[in-house]
Amino acid sequence: MIYIIRDYKTKFKTETIIGKLLTDFCILKCLDAYLGDKRDLSVFRDENGKPFVRGLDRPIGISVSHSEELFACAIAEENVGLDVQFERKVNYERLSKRYFSLAELDHVRKHGKEGFFEVWVRKEAYAKYTGAGLKDVLGGACTFNLRDVEFADLKPEKGLYIALVYRKGYKPGSLKLQEIDI
């Protein structure tokens, strides 16, 4: 399931809740929705900064992303990677030539700016899935022919791109977006 929180930064007026604390709060709200109840959980991070929780009766995968005022959190029964991006002004041709594989570059040439953002969110989601970091993924694997993973590419509204990556053969359940309020 992918949970969406709109205007998440504007919900907090105090300067003391920033960065990691805000992200952790949003993750816990999404976990409440996923689990169907409130539990006393804490968010931890692995050596690469990927969030996880302890104390559940089963392991779960968590991946988070944000763009502008939108926070998104994917929660699944195993590891997942998520990225969300609102379309914005970028020199997509230059960035594509520098960081994309030939197949990805061809996709951008055929689909323009939209194609760029479709590839970009895949790369960021894959970096979160592997834990490799974006700099290691940008010049590496082509996201169109990876053998061990699958992508769900979503465009729920004009100018919003979402990619979810998961192990090939895994069925991540509902790919619909569920908005929650905080």
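Just so it is clear, the values below take in all heavy atoms, side chains as well, and ignore hydrogens, waters and symmetry mates.
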Any heavy-atom pair between the side chains of E104 and V119 that's under 4.5 Å? yes

Keeping S67 on the side-chain end and L70 on the backbone end, is there a donor-acceptor pair under 3.5 Å? no

Under the side chain to side chain contact (heavy atoms under 4.5 Å, CB included) criterion, do V90 and R88 qualify, and how do the steps go? CA-CA 6 Å; V90 295; R88 62 190 184 282; 4.0 Å; yes

How long is the gap from CG on D32 to OH on Y3, to the nearest 0.5 Å? 10.0 Å

Can a side-chain donor-acceptor contact be found between E118 and Y161 if the only test is distance below 3.5 angstrom? no

For L82, is there any backbone N or O sitting under 3.5 Å from a side-chain donor or acceptor partner on S63? yes

Using links of under 4.5 Å between side-chain heavy atoms of ILVMFWY residues, direct or through other members, which residues join L105 in one cluster? none

Heavy-atom side-chain proximity of Y126 to F151 below 4.5 angstrom: yes

Are D24 and R45 ion-paired here, with the side-chain N under 4.0 Å from a carboxylate O? yes

If I compare all heavy atoms of F86 with all of E68, which pair ends up nearest, and what's the gap? CB-OE2, 3.6 Å

Quick one: sort the Y170 and Y166 rings into parallel, tilted or perpendicular, breaks at 30° and 60°. perpendicular

Pairwise distance SG(C73) to CD1(I27) - rounded to 0.5 angstrom: 5.5 Å

Rounded distance [0.5 Å steps], CD1 in I180 versus SG in C30: 3.5 Å

So do Y34 and I60 actually touch side chain to side chain, heavy atoms under 4.5 Å? yes

For C26 and I182, which heavy atoms make the closest approach, and how far apart are they? SG-CD1, 4.3 Å

In this structure, CD1 of I75 is separated from CG of L35 (nearest 0.5 Å) by 7.0 Å

Please give me the minimum heavy-atom distance between T143 and L146, naming the atom from each residue. CA-CD1, 4.0 Å

Are E114 and K155 ion-paired here, with the side-chain N under 4.0 Å from a carboxylate O? yes

Output for pair (H111 NE2, Y92 OH), nearest 0.5 Å, gives 12.0 Å

Hey, are R6 and E157 close enough for a salt bridge, meaning a charged N less than 4.0 Å from a carboxylate O? yes

More than 12 heavy atoms from other groups under 6.0 Å of NZ on K158: no

Just by distance, with hydrogens left out, do S65 and E124 show a side-chain donor and acceptor under 3.5 Å apart? no

Let me check something: any side-chain donor-acceptor pairs from residues 50-58 under 3.5 Å, sequence neighbours excluded? List them with distances.
from, atom 1, to, atom 2, distance (Å)
K50, NZ, N79, OD1, 3.2
K50, NZ, V80, O, 2.7
K50, NZ, K128, O, 3.2
R58, NE, E77, OE1, 3.2
R58, NE, E77, OE2, 3.4

R39 with D37: basic N within carboxylate O range, under 4.0 Å: yes

Would a 4.5 Å heavy-atom cut-off, applied to side chains only, mark L177 and I162 as touching? yes

What distance do K113 atom NZ and W120 atom CH2 have between them, rounded to the nearest 0.5 Å? 14.0 Å

Are F116 and F100 close enough that their ring centres sit under 6.0 Å apart? yes

Short side-chain donor-acceptor distance under 3.5 Å, S96 and E93: no

Treating Q85 as the side-chain partner and L160 as the backbone partner, does any N or O pair qualify as donor plus acceptor under 3.5 Å? no

